[in-house]
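Since the structure comes first, as structure tokens, the remarks are kept for the end.
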Amino acid sequence: VTGYRADEVVGHPSRLIQSGQTAPETFAALRARLDQGRIWNGEMLNRRKSGELYWEDSHVAPVKDADGRVTHYVTVAIDITERKAAEQALRESEAFVKSILDSIPQNICVLDPDGTIIGWPPAVDDPSLFPTFLAMPEEDGAHVVDLGDGHLLVAESAPRSIAVLA
């Protein structure tokens with residue numbers, strides 16, 4: 001994960017891989033748990049030997065001698081950089097959809113593939129006022145959505161569809 005060989009890190013302080021971008025509170029929580037002789041786990045933004053930043057899910061455990069004194073610590077870390085990037089992309093996508101919903105003056109709702117309403121603008125006080133939608137898959141992968149008021153909406157097959165209430 002780090003790019004270092006074992007002989008380059010064993011016995012050296014963990015500052016070797018610290019990026020300086022992990023919150024001080026994270027290190028305070030880590031130190032408090034270890035001072036109590038307990039295992040700590042959490043997420044840290046660290047730096048590989050190459051200089052590249054990476055996220056890790058880290059588990060640090062104190063190793064004790066026969067008398068119960070901590071002699072050293074063992075860390076098991078999993079690279080979660082891709083997961084963190086996916087989470088960030090999801091947050092940005094959700095913020096984008098929210099900004100669209102918040103700026104549209106019409107009564108509009110976002111539907112999941114089953115036609116369940118999963119989003120609406122803040123101006124709509126009661127989303128139950130939207131009609132019940134019936135989605136009918138077509139041979140070309142599109143859906144015809146019956147808006148219940150004599151209007152039909154044709155939507156491509158996608159994770160989310162948008163319907164406008166007339």
Side-chain angles (χ1 to χ4, degrees), residues 1-104 107-128 130 133 135 141 143 155-163:
V1 173
T2 66
Y4 288 95
R5 295 184 322 269
D7 64 317
E8 293 178 295
V9 292
V10 173
H12 295 279
S14 62
R15 286 186 295 278
L16 186 66
I17 63 168
Q18 290 177 6
S19 67
Q21 296 184 37
T22 298
E25 297 82 19
T26 301
F27 289 107
L30 165 70
R31 179 56 43 205
R33 294 284 294 195
L34 295 179
D35 285 349
Q36 297 168 0
R38 299 173 65 194
I39 296 171
W40 176 87
N41 65 298
E43 297 177 354
M44 295 184 174
L45 182 60
N46 284 332
R47 187 174 310 278
R48 298 184 202 282
K49 185 176 182 179
S50 67
E52 175 188 11
L53 294 176
Y54 71 98
W55 281 98
E56 70 177 31
D57 180 12
S58 186
H59 301 263
V60 183
V63 178
K64 300 175 183 178
D65 64 14
D67 296 324
R69 290 183 299 240
V70 174
T71 59
H72 57 285
Y73 302 95
V74 173
T75 301
V76 176
I78 301 167
D79 186 337
I80 59 169
T81 305
E82 287 183 19
R83 186 192 86 198
K84 295 292 273 188
E87 289 171 352
Q88 179 62 30
L90 178 60
R91 281 190 297 277
E92 290 171 3
S93 176
E94 288 173 340
F96 177 69
V97 170
K98 182 180 180 327
S99 70
I100 291 171
L101 284 174
D102 289 351
S103 65
I104 295 175
N107 291 333
I108 188 169
C109 64
V110 179
L111 309 173
D112 72 7
D114 297 323
T116 303
I117 299 171
I118 59 172
W120 57 89
V124 176
D125 294 328
D126 184 2
S128 68
F130 286 107
F133 298 93
H143 291 297
E156 290 184 24
S157 182
R160 294 183 178 173
S161 299
I162 296 178

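In this chain, residues are counted from 1 in sequence order.
- The two residues E43 and T26 have their closest heavy-atom pair at O-CG2, 3.9 Å.
- For the 3.5 Å distance criterion, the side chains of E56 and Y54 qualify, holding a donor opposite an acceptor.
- With contacts defined as side-chain heavy-atom distances shorter than 4.5 Å, the pair M44/L30 qualifies.
- Under 3.5 Å, the side chains of R91 and Q88 contain a donor-acceptor pair of N or O atoms.
- Between the S58 side chain and the G42 main chain, no donor and acceptor come within less than 3.5 Å of each other.
- Nearest heavy atom pair, residue R48 against residue Y4, reads C-CE1, 4.3 Å.
- The structure places CG of L53 at 5.0 Å from CG of L45, a figure rounded to the nearest 0.5 Å.
- Closest non-hydrogen pair, S19 versus Q21, comes out as OG-N, 3.0 Å.
- A 4.5 Å side-chain heavy-atom check between V70 and L34 finds every atom pair outside the cut-off.
- In terms of heavy-atom proximity, R31 sits nearest to Y73 at NH1-OH, 3.8 Å.
- Nearest heavy atom pair, residue R33 against residue W40, reads CG-CD1, 3.8 Å.
- Going from atom CG of D65 over to atom CG of D67 covers 5.0 Å, rounded to the nearest 0.5 Å.
- Remark: the backbone N or O of W55 is paired with a side-chain donor or acceptor of T81 at under 3.5 angstrom.
- Interatomic distance, CD of Q18 versus CG of N46, reported as 6.5 Å (0.5 Å rounding).
- Residues V1 and D79 share a closest heavy-atom pair of CG1-CB, 4.2 Å.
- Looking at R47 and I17, their side chains never come closer than 4.5 Å, going by heavy atoms from C-beta outward.
- Counting heavy-atom neighbours within 6.0 Å of I39 CD1, excluding the residue itself, gives a total of 12 or less.
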